[in-house]
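Structure, as structure tokens:
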Amino acid sequence: MPRRYWLMKSEPHVYSIDDLERDGRAEWEGVRNYQARNFMRDDMKVGDGVLFYHSNAKPPGVAGVARVCREAYADHTAFDPDSDYHDPKSRRDEPRWLMVDVEFVEKFSSLVALDTLRATPGIEDMMVLRRGIRLSVQPVTRKQFDRVVALGRRG
DNA sequence: GCCAACGTTGGC
DNA sequence: GCCAACGTTGGC
């Protein structure tokens, strides 16, 4: 089974590639969308490659690479009434939301901006380029992954 | 800060 | 199980 590739969004003012570099690894907390959760639950494996995308940023774009280092388990922030991600419908005996852990791999020498992604031939099918798709966890192909990494290192 | 496009919720 | 209302996402 070949490893898979993903794009995961984070708002850099909440958690950035620099934070991940400092921490080494992180819990990917706060995913509250069923489709995104299902990707994590059903398809994400240790070793999968992750494009770390900065959303709600100026400019938005892929900032670096991470790797899945723990497969899906209960997102405990859902149980915490003080958390922004609290969801009373998720119970410890029946967790509704899951997270994975990711580890830092590299920060790009230059951010691959959304505009650059749009202008790059061969990756037109990336979900992040499709209008109206807001999924915070998206599959990408190996070709898309490799091309974005090449752009990021080129900087 | 705006707002279009979505996803979820809840009344019926 | 429909669908209007509401909340969220995320680029701009």
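Below, chains carry the letters A, B, ... as their sequence lines are ordered, and counting in each starts from 1.
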Measure CE/A:M127 against C1'/C:dG11 and give the value in whole Å, please. 17 Å
Compare the minimum distances between each of C:dG10, B:dA5, B:dT9 and the side chain of A:S55, then state the nucleotide with the smallest one. C:dG10
Looking at B:dT8, C:dG10, B:dT9, which one has an atom nearest to any side-chain atom of A:K9? C:dG10
By the 4.0 Å heavy-atom rule, please label A:R118 as base, sugar-phosphate, or nothing. sugar-phosphate
Just to be sure I understand the rule, does A:R32 reach a base, reach only the sugar-phosphate, or reach nothing, if contact means heavy atoms closer than 4.0 Å? nothing
What integer distance in Å separates A:R130:CZ from C:dG10:C1'? 17 Å
Can you name the side chain to side chain donor-acceptor pair (under 3.5 Å) partners of A:Y85, sequence neighbours left out? none
Atom-pair distance (CZ on A:R134; P on B:dG7), nearest Å: 6 Å
Tell me: OH of A:Y34 to C1' of B:dT8, nearest whole Å? 8 Å
Starting at atom OH of A:Y53, determine the distance to atom C1' of C:dG11, rounded to an integer number of angstrom. 8 Å
Taking 4.0 angstrom as the limit, do A:R22 and A:D19 come out as a salt bridge? yes
Could you check how far NZ of A:K58 sits from P of B:dC2, rounded to whole Å? 14 Å
Would you call A:D87-A:K89 a salt bridge at under 4.0 Å N-O? no
Select base, sugar-phosphate, or nothing to describe what A:L114 touches, counting heavy atoms under 4.0 Å on all strands. sugar-phosphate
I'd like to know if A:D75 pairs up with A:R32 as an ion pair, taking the criterion as any Lys NZ or Arg NE/NH1/NH2 lying under 4.0 Å from an Asp or Glu carboxylate oxygen. yes
Less than 4.0 Å between a side-chain N and a carboxylate O, is that true for A:E21 and A:K107? no
For B:dT9, does either OP1 or OP2 sit under 4.0 Å from a side-chain N or O belonging to A:K89? yes
Determine whether any donor atom in the side chain of A:R131 lies under 3.5 Å from an acceptor atom in the base of B:dA5, or the reverse, and answer yes or no. no
Any idea which of B:dT9, C:dC12, C:dG10 is nearest the A:N56 side chain? C:dG10
Could you give the CD-to-C1' distance, from A:Q35 to B:dG7, as a whole number of Å? 10 Å
Check the distance between C:dT8's C1' and A:D84's CG and give it to me in whole angstrom. 14 Å
